[in-house]
Number of protein chains: 2
Amino acid sequence: MPKSSELKATIYDVAELAGVSLKTVSRVINKEPNVRGSTRDKVHKAIEQLQYQPSPSARGLAGSKSFLIALLYSNPSSSYVTRAQQGALEACGAEGFGLLIQPCDYQSPDRVGELLHRLKESRVDGAILTPPLSDNPQLQQRLADENIACVCVAPRTGEQGGLSVCCDDERAAQQITEHLLAQGHSRIGHILGHPDHSVSQQRLRGYERALLAQGFEVDRSLIQQGRFDFVSGKQCAEELLDLSQPPTAIFASSDDMACGALVAAHERGLKLPGQLSVVGFDDSPQAAQCWPALSTVRQPISEMVSSAARLLIGELRKQPPDDIQSTFQCQLHLRDSVSPPE
Amino acid sequence: MPKSSELKATIYDVAELAGVSLKTVSRVINKEPNVRGSTRDKVHKAIEQLQYQPSPSARGLAGSKSFLIALLYSNPSSSYVTRAQQGALEACGAEGFGLLIQPCDYQSPDRVGELLHRLKESRVDGAILTPPLSDNPQLQQRLADENIACVCVAPRTGEQGGLSVCCDDERAAQQITEHLLAQGHSRIGHILGHPDHSVSQQRLRGYERALLAQGFEVDRSLIQQGRFDFVSGKQCAEELLDLSQPPTAIFASSDDMACGALVAAHERGLKLPGQLSVVGFDDSPQAAQCWPALSTVRQPISEMVSSAARLLIGELRKQPPDDIQSTFQCQLHLRDSVSPPE
DNA sequence: TGACCAAATGACAGCGCTGTCAATTGATGA
DNA sequence: TCATCAATTGACAGCGCTGTCATTTGGTCA
């Protein structure tokens with residue numbers, strides 16, 4: 001096994017060993033067309049033999065690319081971030097790209113400037129935008145101005161232009177509401193997500209659609225404005241439980257908020273799920289660890305982001321994209337937090 | 001404002017504008033000594049004016065560095081990872097380094113090979129090892145062989161040679177156990193962390209020390225072997241609660257396991273915290289969201305990793321390190337999961 | 001005043017690769 | 001058979017910077 005004390009092989013060594021020119025090796029490495037199969041094989045053999053690894057710096061300098069893409073996120077739950085990273089990493093690893101992570105405050109406009117500065121500094125070739133960053137057209141415009149390719153991980157909306165992957169939040173929300181309905185609940189509260197996140201609207205729509213489809217009316221007093229976090233979930237649940245005719249079930253737009261609802265109910269001494277059924281959205285680790293364990297919806301975050309990364313990398317390679325966008329489905333995870341109303 | 005359509009300024013443009021040579025600009029950028037103050041100022045002014053940003057690729061190629069460091073972790077909780085990333089990111093951002101994240105399976109040796117391959121491929125200059133990776137001497141040796149600098153984020157043990165930051169787990173474990181003791185508990189169960197993580201031992205030691213200091217004996221039957229995760233925590237708690245003389249309090253070596261204990265107790269209809277007090281370790285998001293909210297220990301993870309990154313970068317810059325290692329203290333976060341025994 | 005020396009600065013090659021464009025090859029059809 | 005042309009391959013410059021080593025500067029001391 002070659003020790004690292006021996007100098008690293010360069011493309012030149014490979015060319016010599018394979019008996020071809022520099023440029024031909026370069027073509028093989030970059031999977032360019034117009035290389036004879038037999039030549040390609042020779043080169044691959046030489047690469048193998050020398051354990052050659054191209055230098056990202058040299059490639060970057062010569063080709064003015066960085067082979068780096070950034071994953072931009074604005075602090076959703078840490079489990080969301082972790083799962084997204086996992087997906088991005090997987091795709092990047094397979095495609096020979098590096099991944100730079102970049103948390104950012106999605107609102108303040110000066111932060112956008114700072115973010116762009118960072119991205120330019122590291123010379124990333126492209127960026128993956130996760131919600132709610134993908135809801136921000138200004139950011140996308142600025143990225144385009146800077147000539148940074150981008151792909152959005154976004155809820156399903158008709159109007160997307162560029163690369164994107166989405167997930168059918170509305171349908172999932174409808175399904176989980178239907179699950180509650182099927183258990184016999186008719187007064188179902190809903191705790192909205194953060195108003196600036198477009199997913200919040202999607203999920204509300206699913207909720208409404210389920211009710212309407214079964215002939216129920218949408219009662220505005222059963223809908224509270226949350227902000228996706230535990231504290232807001234708890235507060236909203238308290239409001240709902242204080243109603244003269246409180247709901248027998250609550251659908252919270254995130255697991256964190258659903259946990260808040262659980263705690264609010266516990267504090268009032270309610271028996272769960274008998275006196276209050278609760279469902280969440282996200283399938284965060286908490287969902288399985290709270291009491292009772294939450295029924296919730298799992299988005300295929302890792303797969304979505306991985307797919308987004310591949311889309312982006314394909315674009316950077318100027319490969320004709322198979323699909324400009326793809327849609328993923330969520331999955332219900334039913335646990336112990338739902339029962340028929342007492 | 002210069003549009004990106006104009007070509008990016010190069011070091012050459014800066015040199016010309018400042019009226020100095022290429023090399024002098026390079027010296028200023030790299031904070032090398034032996035540059036006159038007035039010269040430095042001229043250069044900085046020119047950099048400012050041109051909005052010059054050095055090209056990482058060119059610097060990397062010419063200097064055979066990458067200005068990239070890797071954060072290696074082996075799937076502790078996602079909140080741990082997120083907080084560690086945050087710290088690393090902060091330091092890297094400030095120091096002009098890029099951060100590559102690298103989850104990895106810490107055990108299988110072939111994985112170590114794969115990991116090294118990836119690190120070599122991306123040509124990182126250094127790596128930050130978080131527990132339990134920092135417990136693996138083989139990995140450290142291999143990194144050294146490959147000439148990749150590294151710094152360990154590790155529990156406090158006397159024997160460290162290289163760069164490291166640590167945290168006094170033992171002391172924190174002792175303190176939280178003392179808290180339980182102070183509430184009047186005398187039969188305190190302990191759920192150990194994963195046997196392969198050295199922190200598990202540290203925390204056990206703190207637990208034992210607290211008991212001994214107050215004149216209690218360490219009762220082996222009150223100590224269960226967990227694996228840091230929720231499921232093992234729940235199982236261990238069940239074992240403890242099945243004892244003919246069950247403990248009145250449990251100190252779990254992680255919040256996930258403490259949540260497991262909480263659920264086990266709920267399932268038996270115990271009144272919490274009256275009939276069972278529980279404390280955890282980590283201050284994960286769950287800790288504040290479960291019921292009752294967990295008293296736990298918070299490690300300054302972000303600060304530790306940030307400090308580790310700075311240590312590493314200093315080393316890479318060949319700056320004389322202020323300290324080869326530094327120690328951080330944990331903080332108790334007391335919430336609602338502890339009360340005197342009924 | 002000049003010799004001497006460290007500090008400050010500069011000239012230049014070259015890091016390892018890709019883009020451009022030119023040269024070669026080999027197959028095809030007249 | 002030879003011109004023709006696409007497919008394949010190669011030569012070479014140059015991406016933007018840093019390392020090495022040479023040169024200049026300015027101060028100090030005899």
Side-chain angles (χ1 to χ4, degrees), chain A residues 6-44 46-47 50-68 96 98 120-123 125 316-318, chain B residues 6-44 46-47 50-68 96 98 120-123 125 316-318:
Chain A
E6 299 171 23
L7 266 38
K8 265 215 162 273
T10 71
I11 197 175
Y12 187 80
D13 302 320
V14 176
E16 195 171 39
L17 181 60
V20 299
S21 78
L22 260 189
K23 183 63 214 191
T24 298
V25 178
S26 168
R27 286 196 179 93
V28 172
I29 295 171
N30 294 291
K31 303 199 173 75
E32 287 175 29
N34 298 338
V35 177
R36 212 187 306 268
S38 59
T39 311
R40 198 190 311 276
D41 291 344
K42 274 194 300 187
V43 172
H44 275 139
I47 288 178
L50 294 171
Q51 296 215 33
Y52 168 70
Q53 289 181 314
S55 148
S57 293
R59 298 220 288 168
L61 179 56
S64 46
K65 297 180 207 108
S66 67
F67 300 95
L68 248 31
K120 284 167 64 181
E121 192 177 2
S122 51
R123 301 285 214 281
D125 293 334
L316 291 173
R317 293 216 180 107
K318 301 192 165 56
Chain B
E6 300 170 24
L7 265 40
K8 266 215 161 273
T10 71
I11 198 173
Y12 187 81
D13 302 319
V14 176
E16 195 170 39
L17 181 60
V20 298
S21 78
L22 257 190
K23 184 63 216 191
T24 299
V25 178
S26 169
R27 287 196 178 93
V28 172
I29 296 172
N30 294 292
K31 302 198 174 74
E32 287 175 28
N34 297 338
V35 177
R36 211 188 306 270
S38 60
T39 310
R40 196 190 310 278
D41 292 343
K42 274 193 302 188
V43 172
H44 275 138
I47 288 178
L50 294 171
Q51 297 215 33
Y52 168 70
Q53 289 181 314
S55 149
S57 292
R59 299 221 284 169
L61 179 56
S64 48
K65 296 179 207 113
S66 67
F67 300 95
L68 248 30
K120 284 167 64 181
E121 190 176 4
S122 50
R123 301 285 215 281
D125 293 335
L316 292 173
R317 293 216 180 106
K318 302 190 164 59

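All values below were derived from every heavy atom in this structure, side-chain atoms included, with hydrogens, water molecules and symmetry-related copies excluded. Each chain gets a letter, A, B and so on, in the order the sequences are listed, and its residues count up from 1.
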I want to check something: taking the side chain as every heavy atom from C-beta on, are A:Ile11 and A:Pro54 in contact at a cut-off of under 4.5 Å?
no

Separation of atom CZ in A:Arg59 from atom P in D:dG16, rounded to whole Å
18 Å

Stepwise, does the side chain to side chain donor-acceptor pair (under 3.5 Å) test hold for B:Asn30 with B:Arg317?
CA-CA 9 Å; B:Asn30 294 292; B:Arg317 293 216 180 106; over 6 Å; no

Counting N and O atoms only, with roles assigned by atom type, does the side chain of A:Asp13 sit under 3.5 Å from a partner on the main chain of A:Thr10, one being a donor and the other an acceptor?
yes

Using only atom types and a distance under 3.5 Å, with no angle test, would you say the side chain of B:Arg40 pairs donor to acceptor with the backbone of B:Val35?
yes

Scan A:Ser64 against the nucleic acid and name what it touches under 4.0 Å (heavy atoms): base, sugar-phosphate only, or nothing.
nothing

Does the protein touch nucleotides 4-15 of chain D at the base, only the backbone, or not at all? Give it as B, S and - per nucleotide, heavy atoms under 4.0 Å.
----SBBB--BB

Expressed in angstrom and rounded to an integer, what is the separation of A:Gln53 atom CD from C:dG16 atom P?
14 Å

Nearest-Å distance, CD1 (B:Ile29) to P (D:dC17)?
6 Å

Measure the distance from NZ on A:Lys31 to P on C:dT18 and round it to the nearest whole Å.
12 Å

Could you go through B:Tyr52 and B:Ile29, starting from their C-alpha distance and side-chain angles, then the distance that decides it, and tell me whether this counts as side-chain contact (heavy atoms from CB on, under 4.5 Å)?
CA-CA 11 Å; B:Tyr52 168 70; B:Ile29 296 172; 3.5 Å; yes

Any donor-acceptor pair under 3.5 Å linking the side chain of A:Ser66 with the backbone of A:Arg123?
yes

Take the protein atom CD1 of B:Ile11 and the nucleotide atom C1' of D:dG19, then report the distance between them rounded to whole Å.
13 Å

To the nearest angstrom, how far is A:Glu32 atom CD from C:dC17 atom C1'?
12 Å

Rounded to the nearest angstrom, tell me the gap between atom CG in B:Asn30 and atom P in D:dC17.
11 Å

